[in-house]
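Proteins come first, then strands; the chains are lettered A, B, ... in the order of their sequence lines, and each starts at number 1. Computed from a predicted structure; not experimentally measured.
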Amino acid sequence: MNLESRLRDALQPVDPPAGFASRVRARVERDMRAEHAVGGGPSASGWRSWMATAAAVLLLAVGGYGYRQYEERRDALAARSQVLLALQITSRALETVHRQVVQADTGTDAPRDDAGAEGDER
Amino acid sequence: MAATAPMRLDPARDLRDDRLLHAARAGDLDAFEALVRRHQRRVYSLAYHAVRDEGLAEELAQDVFVQLHAHLDRLESGRHLAAWLRRVTSHRVIDALRVRRHASSLDVVGEPPVDPPRADPLAARLLRRALARLTPQARLVVMLRYMDDLAPTEIAEALDMSINTVKSHLRRGLALLRARLQEGRPS
């Protein structure tokens, strides 16, 4: 007989001692009773699903808060750029007015040719 | 030769396991006990041949089935049950052998009180002693190969090893067993 056949012979299946399945069942029943006695709280898999739910809720809350912060920052930036734009427009308008005032002042001191011509036409 | 048939190619058995699994999931303890009876021999044999100690083998096999009861929801079908049991038993056995190695440097244990008749009792005893001197992983690889007729790919899956590691354990394990058999044989 070669080694492989000898190994198969030496490793033939062995039956467990009598009553094995009943003892397993008794252990399972005992564990189930102990689990209930603890207060009917969730089992290991129950705890895992509770933890997963809690983590998901926390993630949603943190995510929601973060998104709100982001939106507020985005709105603030938009408002700031609008104010800047308004200030630029105002500044340009003031500059135009200022230029016109300066031109008008200059025109009073030394009337321009076109102003005079305009007056003649009238 | 009473080589065991592979567990994987039996659709009728898988179907029966499916029904029992379904009932056990619904809380039917009779169905669960029937599942235990259908698989106890293989689980116990793997534990027993690995640790060579009836008490420890029963404890390990019981732990496997208690774990099965806690994981019934996660088993997809009866087809997966045999592989799941083999995998969990193998890992529990390896852990137990490691603990025992730490506890005692003498890893060869006595013969069981009752043993099935063998074609060559002396060779069987020498082989079991030689097997007990292999590392836990090598022992499980050799056992899964010659108890369950598993292919190296299936052993690799059951033990979370690469195929090359499995082949290496098989090659070296068989060489060691052969050498120890020759050493132990009376001339």
Could you tell me the separation between the CD atom of A:E29 and the CZ atom of B:F32, rounded to the nearest 0.5 Å? 10.5 Å
To the nearest 0.5 Å, what is the distance between OH (B:Y48) and CG (A:L11)? 11.0 Å
Taking all non-hydrogen atoms of both residues into account, name the closest pair between [X] and [Y] and its distance.
| X | Y | result |
| --- | --- | --- |
| B:S45 | A:P13 | OG-CA, 3.3 Å |
| A:V14 | B:H49 | CG2-NE2, 3.5 Å |
| A:S22 | B:E33 | OG-OE2, 3.7 Å |

Hydrophobic clusters here meaning ILVMFWY residues chained together by side-chain heavy-atom distances under 4.5 Å, can you tell me if B:V64 and A:M32 are in one? yes
Between A:R8 and B:D148, is there a salt bridge with N-O shorter than 4.0 Å? no
Under a 4.0 Å N-O cut-off, is there an ion pair linking B:R145 with A:E4? no
Heavy-atom count around [X] [atom1] within 6.0 Å, excluding the residue itself: above 12?
| X | atom1 | value |
| --- | --- | --- |
| A:R74 | CZ | yes |
| B:E157 | CD | no |
| A:E71 | CD | yes |
| B:H22 | NE2 | no |

Can you say whether [X] sits under 4.5 Å from chain A via the side chain, the backbone, both, or neither, judging by heavy atoms?
| X | value |
| --- | --- |
| B:L174 | both |
| B:Q67 | neither |
| B:L29 | both |

Derivation of the side-chain contact (heavy atoms from CB on, under 4.5 Å) call for A:R27 and B:D63: CA-CA 9 Å; A:R27 256 187 76 177; B:D63 289 347; 2.9 Å; yes
Evaluate the side-chain proximity of [Y] to [X]: yes if any heavy-atom separation is below 4.5 Å, no if none is.
| X | Y | answer |
| --- | --- | --- |
| A:V24 | B:Q40 | no |
| A:V28 | B:F65 | no |
| A:L3 | B:L127 | yes |
| B:Q62 | A:F20 | yes |
| A:P16 | B:R37 | no |

Under 3.5 Å, is there a donor-acceptor pair between the side chain of B:H69 and the main chain of A:R25? no
